[in-house]
Structures are given as C-alpha cells and as structure tokens.
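Input: a single structure, listed below in structure tokens.
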Amino acid sequence: MSTTYTVVNPATEEAVVEVHLADLAETDAAIERAAEAFPAWRDMAPGDRATLLRRFAAIVDEHVDELAELEVRNSGHTWGNATWEARNVRDVLNYYSAAPERLTGHQIPVAGGINVTFHEPLGVVGIIVPWNFPMPIAGWGFGPALAAGNTVVLKPAELTPLTAVRLGELAREAGVPEGVFTVIPGKGSIVGERFVTHPAVRKVCFTGSTEVGKKIMAGAADQVKRVTLELGGKSANIVFADADLAKAAAAAPSAVFDNAGQDCCARSRILVERSAYDEFVALLEPAVKGVKVLDPSDRTSEMGPLISAAQRSTVQGFVDEVEVAFAGSSPDGSGFWFAPTVVLAGDTQQRIWREEVFGPVVAVMPFDSEEDAVRLANDTEFGLSGSIFTRDLGRALRVSRGVEAGNLSVNSHSSVRYWTPFGGFKQSGLGRELGPDAPHSFTDVKNVFLSND
Ligand code: NAD
C-alpha cells in the first residue's frame, strides 16, 4: 500500500506538497541498486570520481536560491540560514572532491618485502538525517562517503524531505551514476530501520535524538555494522566576570535561538560568574527582545517558527513548568511560532536545565568559581558544544580542556566549519564528521604484505 506525507509550511501551516513514502520493498530495491553500483564507483579512477563530485558541487551552486527557497517553505528556516545551508552542501562537496586522489595509505618498513595499507570503501552507506538541518547534515554524510568510494542511500526526516530529494536529482544531473546516491523519503521505522538490518548496508551514519541513536547502535551490533552517531546536546555558554560582558550578552541570543533553538549545538544553558550575573542579565534582556522573529522568507528575519505544532507543544511543556524572566516577540496568527524565552534556573534538577528543549528557550544560572563552572557545565549526560567568554588566556585554556564536549569556542560561538572535525563526547555521539579525516570513517584499513620472493 502506497503512503504519502503532506509537507506543511511551518510559517503558514499550509500544505506544500505530498511526498511518497517508500515501503520496505522499495527500500530493499534501492539498497540493492546501491550495492550493484558500488564496484564501478569504487573502481573509478580517483580523478574521475573527483571530477564528478566537483560537477555536483557546481550544480548545487547554480541551484542555491532554489534549494534555499525550498528549505524556507519546508522547514521555516530564515532565508539567511537556508542560503548558508545550501552553500554548505556545495562547499562540503568541493572540499571532499579533493579526497579521492589523496586517500593514501602507509608504506611500513618490514623485512623480506614491502608492507602497504589501503583505505578501502565499505560498500553501501546508509545516512539518516533529522529535520533540523536537512541540507548540511545530509552533505556531511554523503560528501565524504561518496569521495571515499562508497555508494549512499539517504533517508531524510519525514517532516523535511524536499531539499534532499532535489539534491538527489542534482547529483544525477551532474553525471553521478544511477544507484550511487539515492534519496529515499520514508519513515524511520521502515526505511531507517532497514538501513540497520539490511546486510548490504555496511555503515549507518545517524544524526538525531539520543534515544533513537541508542536503538541504532544496539541494532548495528548484530552485524558489527559501523556507526557514526551525532545526537542531542545541552551545551553551556560560560561567561566569566572578566569577559567583555556587552559582547557576551550580544552574542548569547543567536547562540541558542538560531534556527529557533532547533540546533543540537544550541548553547541552552548560560552560566555566569556571580559577580557579573546581574549586569549580564540586564544586558541580555534587550538583546533577546531585539531578535527579529519574522516570516522566514523576509530577508531580514533572524528567527523563524518551530518545525511543527507537536514541537511547539513540547517546548511549551518545558516553559509551563518554570517562571519566565523575560521573552522576545513572535508573530500572531498561523505558523508554529514561539518567542525567544529566558528562564532564570533555580536548581540543576529542573527539566529545563537537564533536558534538550530543542526550541528558543535558554536557562541562566550563576556560578562561584572556575571549578564550579566546569563542574556545572559537565553535569549532563551530553557533551556536544560549548562556549567560554573570558579575557584570561590561561583560564580559557584550562576551561576548554576541562569541559567534556567535542566542539568548544572561546569568546565566540563558532558555528560548524566543514574543514574541522565535529562530533560529541558522552551521549552526544560517537565518531566525528567533517574535517580532513572524515573520508577515513567511511573506509576500513587493509594491510598487505608483499614478499620479495
Ligand atoms: P529523531 O531521532 O526523531 O529522528 C532522526 C531521524 O531518524 C529521522 O530521519 C527519523 O525518521 C529517523 N528514525 C526515527 N526512528 C528511527 C528508527 N527506529 N530507526 C532508524 N531511523 C529512525 O530526531 P529528530 O527529532 O528528527 O531530530 C532532533 C534530534 O537530532 C535532536 O536530539 C538533536 O540534538 C539531534 N541532532 C544532533 C546533531 C548532531 O550533530 N549531534 C545535529 C542535528 C540534530
């Protein structure tokens, strides 16, 4: 039986388009086509594979506006964010298009011959994408996976399939052979689970909730299937009294309210040294009230709606449990709007302090010493990102080394850079994406000894 999903514009609540959801048989057929396409893609001359990836990047570049418009309508992302996201796919493809000719192994000294290593592609890689950043997260998987010589099947989130489907079409236009990169819209319980159970899929690259990530890791054990997991976060923004407080307060809203807070790296806990707490909170209020929450297609919009009515009621549930200190504004009428909201956290056991809200809500808490700040920042099962604001270089170094998180920035909230590694400590994930080593995570090392005899 054929099923469809109606994509809804989160800013207007209007239906955009019906998307066909793949069933099990269609998923198996796509995986089998990807397995058949693998040997030729693996054996293609590295320079030819690189040329195809560069052509794919060039076609994405020609379609940046179209892809961005799709994302504004499908996901409610602001125009500024959506164009950045489409360009990020282009940049990731360009960056990893330099990988095929550079996927070198070692030559290791041995007696009686030579010893060499090869980075062999795995086969079919299954990529499972969440709804919060449909384009970049897809590209972070398929860019290096394809460059390393794997074929890819990719499942977008049910809510946000449109840009992924278009990227699949653009790959074909670029000349990427049939079966090498296939986008399969469908349910997590059908398409996503099949990536885990189908023996031809040799690695699952999953980004999403920690809860589903654990199930995928457990399922993958059955076939000793490789996994990369990018999961949830509850990142801390630590502001010391010696910091440029005006700069720290001005930067704090975008670090948590970007993408309406639906960001695994959202700095959703702000820790402020007690002696600067009152001044920081006073500076934060106008910064939060100044966030332009507007129709995302308005080029000046800084924050759009939440993805769905369900997500809005989840976020509201967190806020109902606490007292709001102050909030910004949001449009009235249709759309899944939620105003940027600030809570002064009472204790570390509150849900707002411990759990990922995935909405535009931030909790602020004072701390008393450097040790206290590191202890509070680490008092979470997550470990994805974080920021440290201080003018003391030694402290910046000590705290950066002390905070258990994969991606930290000092006196900034740097976003993800495709040429640096990205991933989580603790329950925020396993493995790393992006950066110079990402193609290696889509290969296995083969060690070969060639005798002199
Ligand atoms: P989710 O876990 O509900 O879904 C993610 C994807 O997994 C979707 O495509 C979904 O269809 C699929 N899925 C669901 N159940 C599945 C199953 N049993 N087997 C296989 N696939 C299944 O997450 P979401 O709500 O779409 O995304 C939000 C979450 O993603 C947040 O927790 C956020 O922190 C996390 N996230 C992490 C990163 C990171 O890089 N660490 C980046 C973005 C989002």
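The figures that follow rest on heavy atoms only: side chains count, while hydrogens, waters and symmetry mates do not. Order of listing sets the numbers, starting from 1, for every ligand and every atom in it. Residue numbers run from 1 in the order of the sequence given. From a predicted model like this one, the values you see are computed outputs, not experimental measurements.
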NZ (Lys426) with more than 12 external heavy atoms under 6.0 Å: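 Enclosed.
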What pairs with [X] under side chain to side chain donor-acceptor pair (under 3.5 Å), at least two apart in sequence or on another chain?
{"X": "Thr160", "value": "none"}
{"X": "Asp320", "value": "Gln316"}
{"X": "Asn94", "value": "none"}

Salt-bridge present (Asp437, Arg432; N to O < 4.0 Å):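 A salt bridge is absent here (no side-chain N lies under 4.0 Å from a carboxylate O).
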Pair Arg354 + Asp379: basic N to acidic O under 4.0 Å: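 Salt bridge flag = yes for Asp379 with Arg354.
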Neighbouring protein residues of ligand 1 - any heavy atom closer than 4.0 Å: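 Within 4.0 Å of ligand 1, the protein residues are Ile128, Val129, Pro130, Trp131, Asn132, Ile137, Lys155, Pro156, Ala157, Glu158, Gly188, Gly192, Glu193, Phe206, Thr207, Gly208, Ser209, Val212, Lys215, Ile216, Glu230, Leu231, Gly232, Cys264, Glu356, Phe358, Leu384, Phe422.
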